[in-house]
Protein chains: 2
Amino acid sequence: MTTASTGLRARRRQELLAAIRTAAIEELRRSGATGLSLRAIARDVGIAVSALYRYFPSRDELLTDLIVHAFDEHADTVEAGGAHDDVGEALRGIWHAYRAWAVAHPAEFGLAYGTPVPGYAAPPQDTVHAGTRIGHFALELLARAHAEGRLDPDSLHRRAARLSPGTAQQLETWSSRHGQRLPTEVLAVWLDLFVHLHGLVSMEVFGLLRPITPDATPYATEVIDTELAALVRPRR
Amino acid sequence: MTTASTGLRARRRQELLAAIRTAAIEELRRSGATGLSLRAIARDVGIAVSALYRYFPSRDELLTDLIVHAFDEHADTVEAGGAHDDVGEALRGIWHAYRAWAVAHPAEFGLAYGTPVPGYAAPPQDTVHAGTRIGHFALELLARAHAEGRLDPDSLHRRAARLSPGTAQQLETWSSRHGQRLPTEVLAVWLDLFVHLHGLVSMEVFGLLRPITPDATPYATEVIDTELAALVRPRR
DNA sequence: CTCTCTACGAGAGCAATGTTCTCTATTTCT
DNA sequence: AGAAATAGAGAACATTGCTCTCGTAGAGAG
């Protein structure tokens with residue numbers, strides 16, 4: 001079992017698995033999650049449909065695999081975009097990377113973050129971990145910025161002032177469950193950032209801005225930059 | 001043809017059409033746009049599948065009809081929520097109505113604003129009008145608030161200062177095509193509001209906030225209220 | 001090197017889907 | 001009242017996800 005990875009069979013299996021995944025993504029791009037057809041994938045790869053079931057027990061499992069893959073690829077891109085010494089630059093970097101990946105991979109983005117498919121509940125244990133990587137990474141960066149005194153005090157004060165008790169309590173329980181010990185305003189600012197910027201990106205990718213803005217690049221970059229410029233002050 | 005609306009056949013047609021629509025929405029709620037099955041609808045209504053084709057030429061046309069219906073119902077709700085003498089209250093009202101309808105009708109909301117379905121391009125002429133009603137209504141309200149001097153000057157100045165040339169130009173061309181004559185900052189503020197609040201609502205409806213906030217009501221209402229409180233100042 | 005044994009792929013088959021066609025009954029119009 | 005348009009039923013076709021059976025070809029033991 002351990003040495004099997006060098007066997008001929010195991011190698012073929014890996015190759016076919018990879019071929020199936022790429023064909024599936026190709027199909028996903030062409031026809032969306034709805035029209036993802038196992039038979040079409042099998043035709044692309046050049047095998048019988050029934051052979052697919054040696055790799056994925058069902059169509060839903062294949063979708064789950066694609067979702068996890070999308071989350072991971074997105075998170076990888078975002079983390080790479082956050083590789084800066086300066087926290088401010090890192091925060092800017094992750095959000096531009098966030099958007100860039102989404103724009104470049106609309107089908108995968110829609111699959112991961114779009115309309116949930118009723119009847120198919122994505123198995124939480126599989127997807128949740130991958131799906132929260134970005135959130136945790138952003139929060140870590142924000143915590144670092146806070147520790148370094150880079151967060152704009154005015155923004156934090158204003159945020160604290162308008163924090164409703166319900167929100168504050170929910171943020172507290174969330175952070176206590178995840179071991180993060182941060183002032184509630186910082187958590188609130190983190191959530192605000194996430195909601196604003198993910199909302200922006202998803203609207204752009206789903207085409208909701210097209211009637212107003214055929215190419216949303218200027219607007220999106222402007223919003224990301226100004227949002228972060230207002231929150232984290234330059235290194236002195 | 002004119003008097004046909006009172007004929008027996010025409011009445012039956014209307015009734016069956018209504019029955020089909022409600023059954024379709026029921027199915028949509030249960031299985032989503034993906035699993036919307038004509039045969040299931042026919043079974044619910046109690047007719048043969050082929051009879052459905054006397055009412056809708058294809059499954060996609062049925063979907064388009066449902067999308068238009070969803071847009072219209074959403075817009076009706078939002079416009080009703082904006083029925084206030086005070087512009088500030090009206091603006092608050094439309095956004096709370098916007099969210100309330102979305103939360104109450106997640107399937108329709110997802111169909112109208114969610115992941116686009118490749119291969120099926122929603123016929124623009126049918127959906128665009130219904131889809132832009134809310135945007136135009138919100139813009140009219142904002143224009144009224146501007147005319148009455150209710151928009152916070154600081155917010156407008158700050159928005160104007162961080163307006164990128166690309167965005168400004170796109171907003172100008174859009175407004176010139178729609179006959180609205182407003183300062184660019186006001187248009188930018190309108191777009192910001194839309195992006196922020198629609199992004200918030202769609203994240204809540206699609207379940208993206210659930211890991212952080214099982215019930216997003218406090219957070220959502222807080223964001224809507226504070227966002228508007230910062231933008232439009234109270235009547236003096 | 002040979003002999004099991006297990007894994008893997010092919011193919012047929014099942015129920016369900018969207019869509020089309022034909023046929024019959026019924027309403028509508030002249 | 002007779003002719004014409006219309007609405008629904010039912011069968012049929014291609015396609016889908018999925019299951020089952022069957023032969024073959026690699027893997028491990030002697």
Side-chain angles (χ1 to χ4, degrees), chain A residues 1-21 23-24 26-28 30-66 111 117-122, chain B residues 1-21 23-24 26-28 30-66 111 117-122:
Chain A
M1 198 176 257
T2 57
T3 58
S5 54
T6 56
L8 203 160
R9 223 165 211 173
R11 196 169 52 238
R12 292 244 168 141
R13 189 174 178 87
Q14 293 305 321
E15 289 173 9
L16 241 186
L17 196 71
I20 291 173
R21 281 213 179 93
E26 176 69 22
E27 265 287 302
L28 188 72
R30 198 172 337 155
S31 354
T34 305
L36 198 152
S37 146
L38 293 188
R39 298 184 113 98
I41 295 172
R43 246 169 300 167
D44 282 8
V45 179
I47 60 174
V49 209
S50 52
L52 270 179
Y53 284 81
R54 303 274 180 198
Y55 296 83
F56 295 98
S58 77
R59 183 177 173 279
D60 284 356
E61 295 276 343
L62 211 187
L63 270 183
T64 305
D65 185 88
L66 292 184
L111 185 63
V117 179
Y120 159 68
Chain B
M1 198 176 261
T2 57
T3 57
S5 55
T6 56
L8 202 160
R9 223 161 211 176
R11 197 170 53 237
R12 292 243 168 139
R13 192 177 175 83
Q14 292 307 319
E15 290 173 8
L16 240 187
L17 197 72
I20 292 172
R21 282 214 179 93
E26 176 68 23
E27 265 286 303
L28 188 72
R30 200 173 333 154
S31 355
T34 305
L36 198 151
S37 148
L38 294 188
R39 299 185 113 97
I41 296 172
R43 245 170 295 157
D44 281 9
V45 179
I47 61 175
V49 208
S50 52
L52 270 179
Y53 284 79
R54 303 276 179 197
Y55 296 84
F56 295 98
S58 77
R59 183 177 174 279
D60 284 356
E61 295 277 342
L62 211 186
L63 270 184
T64 304
D65 184 88
L66 291 183
L111 185 62
V117 179
Y120 158 68

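A note on names: the letters A, B, ... follow the listed sequences, proteins ahead of strands, and every chain is numbered from 1.
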From CD1 of B:Ile20 across to P of C:dG18 the rounded distance in Å is 14 Å

Shortest non-hydrogen contact between B:Glu27 and B:Asp44, atoms and distance
CG-OD2, 4.5 Å

If I take atom CG from residue A:Leu36 and atom CZ from residue A:Arg30, how far apart are they, to the nearest 0.5 angstrom?
10.5 Å

Report all interatomic pairs (protein N or O, nucleotide N or O of nucleotides 4-10 of chain D) with separations under 3.5 Å.
{"unit_1": "D:dT6", "atom_1": "O2", "unit_2": "B:Arg9", "atom_2": "NH2", "d": "2.8"}
{"unit_1": "D:dA7", "atom_1": "OP1", "unit_2": "B:Arg13", "atom_2": "NH1", "d": "3.0"}
{"unit_1": "D:dA7", "atom_1": "N7", "unit_2": "B:Arg54", "atom_2": "NH2", "d": "3.3"}
{"unit_1": "D:dG8", "atom_1": "OP1", "unit_2": "B:Tyr55", "atom_2": "OH", "d": "3.3"}
{"unit_1": "D:dG8", "atom_1": "OP2", "unit_2": "B:Tyr55", "atom_2": "OH", "d": "2.7"}
{"unit_1": "D:dG8", "atom_1": "N7", "unit_2": "B:Arg54", "atom_2": "NE", "d": "3.0"}
{"unit_1": "D:dG8", "atom_1": "N7", "unit_2": "B:Arg54", "atom_2": "NH2", "d": "3.2"}
{"unit_1": "D:dG8", "atom_1": "O6", "unit_2": "B:Arg54", "atom_2": "NH2", "d": "2.4"}
{"unit_1": "D:dA9", "atom_1": "OP2", "unit_2": "B:Ala48", "atom_2": "N", "d": "2.3"}
{"unit_1": "D:dA9", "atom_1": "N7", "unit_2": "B:Ser50", "atom_2": "OG", "d": "3.0"}
{"unit_1": "D:dG10", "atom_1": "N7", "unit_2": "B:Ser50", "atom_2": "OG", "d": "3.3"}
{"unit_1": "D:dG10", "atom_1": "O6", "unit_2": "B:Ser50", "atom_2": "OG", "d": "2.8"}

When you measure from every atom of DNA chain D, which of residues 37-45 of chain B have a heavy atom less than 4.0 Å away?
B:Arg39

Please classify the nucleic acid contact of A:Leu62 as base, sugar-phosphate, or nothing, using heavy-atom distances under 4.0 Å.
nothing

Without decimals, in angstroms, what is the distance between A:Gln14 CD and C:dC8 C1'?
15 Å

What integer distance in Å separates B:Arg59:CZ from D:dT15:C1'?
14 Å

Rounded to the nearest 0.5 Å, how far apart are CD1 of A:Ile20 and CZ of A:Arg13?
8.5 Å

What is the distance from CG of B:Asp60 to C1' of C:dT17, rounded to the nearest Å?
14 Å

Euclidean distance, atom CG of residue A:Leu52 to atom P of D:dT16 [Å, nearest integer]:
13 Å

Taking all atoms of both residues into account, what is the closest heavy-atom pair of B:Thr34 and B:Arg59, and its distance?
O-NH2, 3.1 Å

Distance in Å, B:Asp65 CG paired with B:Asp60 CG, rounded so as to fall on 0.5 Å steps:
12.5 Å

Take A:Phe56 and A:Thr64, measure what side-chain contact (heavy atoms from CB on, under 4.5 Å) needs, and give me the verdict at the end.
CA-CA 10 Å; A:Phe56 295 98; A:Thr64 305; over 6 Å; no

In this structure, how many angstroms lie between the P atom of C:dG13 and the OH atom of A:Tyr53, rounded?
18 Å

Run the side-chain contact (heavy atoms from CB on, under 4.5 Å) test on B:Leu52 and B:Val45 for me, step by step, so that the C-alpha distance in whole Å, both residues' side-chain angles and the decisive distance to 0.1 Å come before the verdict.
CA-CA 10 Å; B:Leu52 270 179; B:Val45 179; 5.9 Å; no

Rounded to the nearest 0.5 Å, what's the gap from CD on A:Gln14 to CG on A:Leu17? Could you check?
6.0 Å

